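Every chain is numbered from 1, with letters handed out A, B, ... down the list of sequences. Computed from a prediction, not measured in an experiment: that's the story for all the values here.
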Amino acid sequence: MSRTGTDRVKRGMAEMQKGGVIMDVVNAEQAKIAEEAGAVAVMALERVPADIRAAGGVARMADPTIVEEVMNAVSIPVMAKARIGHVVEARVLESMGVDYIDESEVLTPADEVFHIKKNDYTVPFVCGCRNLGEATRRIGEGASMLRTKGEPGTGNIVEAVRHMREVQSQIRQVISMNEDELMTYAKNIGAPYELLLQIKEEGRLPVVNFAAGGIATPADAALMMQLGADGVFVGSGIFKSNNPEKFARAIVEATTHYDDYKLIGELSKGLGTAMKGMEMSTLQPSDRMQDRSM
Amino acid sequence: MTVIGVLGLQGAVREHVRSIEASGAQAIVVKRTSQLDDIDGLILPGGESTTMRRLIDKYGFFEPLQQFGQSGKPIFGTCAGLILLAERIQGQDQPHLGLMNMIVERNAFGRQRESFEAFIDIKGVAKEYEAVFIRAPYIVEVGEGAEVLAKQNDKIVAAQDGHYLACAFHPELTDDHRLTKHFVQMVEESKKTLAS
């Protein structure tokens with residue numbers, strides 16, 4: 001007797017990605033570059049976030065042809081994005097055998113109120129979060145992995161830093177809180193009480209939490225690891241740089257050895273130009289992908 | 001005290017550390033080759049085998065790891081670690097460390113949606129052992145002298161060959177430490193033998 005789709009199998013898959021880099025790719029060629037550089041998984045997309053931002057309009061699940069092409073090209077796990085609340089996109093990706101689904105604010109939400117009930121799926125999900133309330137609500141819905149939202153496609157690390165610090169700080173508060181204070185705190189941040197209790201007892205989130213949204217350099221990746229990330233997603237940062245192979249390898253190494261500054265210095269030499277970044281204050285409220293869901 | 005290292009380049013490192021400690025040994029995370037001198041046995045954890053291999057090469061771990069195994073010190077490979085240990089990998093021209101006499105198949109049970117949990121019996125180690133298989137490999141064939149310890153759906157999922165131990169599942173993801181304890185005992189015995 002064997003059981004598929006259990007919490008342990010779904011969360012365990014993310015545990016195996018720890019200390020690694022997950023890279024956005026738009027075709028088989030990029031997927032192979034990512035695998036060769038040591039990525040632990042790839043995210044198959046039609047466009048990287050920076051291009052989604054530039055293109056405007058409605059961003060949807062990628063053409064299944066692209067996802068299939070990537071799945072056939074590499075032996076590492078393949079992830080793909082579904083719109084928030086779009087149960088059919090998610091089921092389609094699951095039926096194709098995608099290894100992980102990102103219910104992602106990078107795409108235009110299909111539902112502005114509700115997320116997918118991810119517990120019902122055999123395939124695991126990763127979701128974005130800015131704080132412990134969002135993090136635990138997503139876990140409550142069945143997310144098996146978390147990532148910071150950051151601000152995708154900007155090449156600016158500031159929002160990912162804000163979100164990682166916020167989540168870590170709130171976890172520390174929960175741990176040091178008296179149990180009789182926990183229910184009110186749960187109400188205030190909109191978190192499921194049972195999950196906060198579990199975090200208090202275990203001293204950590206029940207799922208891994210990666211950094212995402214704005215990582216553009218090896219030093220950015222190492223910074224996020226130092227702030228407590230279990231690994232990093234790099235979206236536009238690699239294939240929008242002018243030397244993707246080199247950037248990909250350097251980011252992988254900086255993630256492994258995030259406290260070896262001499263090495264990160266060496267890795268950062270002569271890398272060429274990183275992706276062009278954006279300052280947050282130049283973004284209109286409607287351009288902020290992180291505010292697309294709660 | 002017996003000291004067991006966990007290769008800490010990528011993957012489920014923390015869980016193995018916890019499991020080693022729960023089994024009564026001291027655990028250290030090995031990120032540099034010099035640390036191999038400080039340990040009596042080594043665990044190659046689960047993660048992505050291609051990623052780990054790249055980092056093994058990058059940080060000059062390849063030969064030191066082979067020498068570590070050839071010196072008679074025990075190595076336990078779990079999931080991706082099993083692939084690193086194998087002498088032959090189906091569909092690939094070259095193995096990784098090639099230390100343990102067996103042929104393995106990667107992602108052999110399917111993609112993530114086929115990942116599963118099952119109760120298995122591990123010969124001489126544990127009955128009704130809850131094993132977690134994640135995009136798991138299996139062992140197609142073990143070489144002469146190696147012992148098959150467990151099967152799932154007729155596929156070999158755990159084996160031992162002298163001081164090498166390998167399993168396709170993740171003993172570090174549950175609170176059942178019986179297989180890790182078995183490895184700790186292997187290390188303790190090898191310490192005595194290597195000392196004499």
Side-chain angles (χ1 to χ4, degrees), chain A residues 1-22 32 34-42 71 74-79 93-101 121-124 144 204 208 230-231 248-250 252-253 255-260 263 267, chain B residues 7-16 29 31-32 45-59 78-81 83 89 91-92 105-107 109-120 128 130-137 152-153 157 169-175:
Chain A
M1 240 281 291
S2 66
R3 290 157 292 141
T4 56
T6 61
D7 274 353
R8 202 150 52 185
V9 161
K10 294 199 282 187
R11 291 175 181 183
M13 159 77 200
E15 300 282 350
M16 297 311 135
Q17 306 267 296
K18 275 188 305 197
V21 181
I22 299 168
K32 283 186 184 140
E35 183 176 47
E36 189 53 37
V40 288
V42 289
M71 284 167 66
V74 293
S75 66
I76 53 176
V78 176
M79 302 186 170
L93 292 172
E94 181 181 51
S95 76
M96 292 174 63
V98 161
D99 296 298
Y100 235 94
I101 296 176
Y121 291 69
T122 306
V123 65
S144 307
R204 60 181 202 91
V208 303
D230 290 311
R249 283 167 195 272
V252 168
E253 281 180 53
T255 304
T256 309
H257 290 282
Y258 57 85
D259 53 2
D260 187 337
L263 176 81
L267 293 171
Chain B
L7 187 66
L9 298 176
Q10 188 270 316
V13 177
R14 181 177 64 204
E15 290 71 14
H16 270 300
V29 176
K31 281 199 169 199
R32 287 181 177 72
E48 284 305 321
S49 60
T50 33
T51 308
M52 277 194 238
R53 172 57 195 275
R54 227 197 79 68
L55 294 168
I56 282 173
D57 289 347
K58 184 77 202 174
Y59 298 111
T78 66
C79 194
I83 296 164
I89 304 165
Q92 278 181 227
E105 167 105 32
R106 293 182 64 204
N107 301 336
F109 290 96
R111 302 193 72 97
Q112 171 59 19
R113 66 178 169 188
E114 278 88 38
S115 294
F116 63 97
E117 295 178 19
F119 283 98
I120 60 171
E128 283 286 292
E130 201 167 16
V132 183
F133 295 81
I134 296 172
R135 286 170 47 93
Q152 165 70 17
N153 289 347
V157 293
F169 47 88
H170 291 281
E172 77 281 13
L173 289 184
T174 68
D175 292 326

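More than 12 heavy atoms of other shown residues, nucleotides or ligands fall within 6.0 angstrom of atom OH in A:Tyr121.
Contact of A:Val78 with chain B is made through backbone and side chain together, with heavy-atom distances under 4.5 Å. Contacts of B:Arg106 with chain A are made by side-chain atoms alone, with heavy-atom separations under 4.5 Å and no backbone atom involved. For A:Ala37, the part sitting under 4.5 Å from any heavy atom of chain B is the backbone (N, CA, C, O) and nothing else. Residue B:Thr50 touches chain A through its side chain alone, counting heavy-atom pairs closer than 4.5 Å.
When each of B:Ala118, B:Gly8, B:Gly11 is scored by its heavy-atom pairs under 4.5 Å with chain A, the top score falls to B:Gly11. Among A:Met71, A:Glu35, A:Arg11, A:Glu36, the residue making the largest number of heavy-atom pairs under 4.5 Å with chain B is A:Met71. The greatest number of non-hydrogen atom pairs below 4.5 Å with chain B, out of A:Pro77, A:Pro124, A:Gly19, is found for A:Pro77. Comparing A:Val123, A:Thr6, A:Thr122 by heavy-atom pairs within less than 4.5 Å of chain B, the highest count is held by A:Thr6. Considering only heavy-atom pairs separated by less than 4.5 Å from chain A, the leading option among B:Arg135, B:Gln10, B:Glu48 is B:Arg135. Most heavy-atom pairs under 4.5 Å with chain A, from the set B:Glu114, B:Glu172, B:Lys58, B:Met52: that is B:Lys58.
Shortest non-hydrogen contact noted between A:Thr4 and B:Phe116 is CG2-CB, 4.0 Å. For the pair A:Met16 and B:Gly46, the tightest heavy-atom approach, listed with the atom from each and the gap, is SD-C, 3.6 Å.
Using a 4.0 Å cut-off between charged side-chain N and carboxylate O, B:Arg111 and A:Glu94 make no salt bridge. Look at B:Lys31 and A:Asp259 and you find no salt bridge, because none of the NZ, NE, NH1 or NH2 atoms lies under 4.0 Å from a carboxylate O.
Atom-to-atom distance recorded for A:Leu263:CG and B:Tyr59:OH is 5.0 Å, nearest 0.5 angstrom. For the atom pair A:His257 NE2 and B:Leu55 CG, the distance stands at 7.0 Å (nearest 0.5 Å). In this structure, OG in A:Ser75 is found 7.0 Å from CD in B:Gln92, a value given to the nearest 0.5 Å. Taking CZ from A:Arg204 and CZ from B:Arg14, the interatomic distance works out to 4.0 Å, rounded to the nearest 0.5 Å. B:Leu173 contributes atom CG, which lies 6.5 Å from atom CD of A:Glu15 (distance to the nearest 0.5 angstrom). Atom CE of A:Met96 sits about 9.5 Å away from atom CZ of B:Arg113, to the nearest 0.5 Å.
Residues A:Arg8 and B:Thr174 are in side-chain contact: their nearest non-hydrogen atoms beyond the backbone lie under 4.5 Å apart.
Between the A:Ser2 side chain and the B:Glu117 main chain, no donor and acceptor come within less than 3.5 Å of each other.
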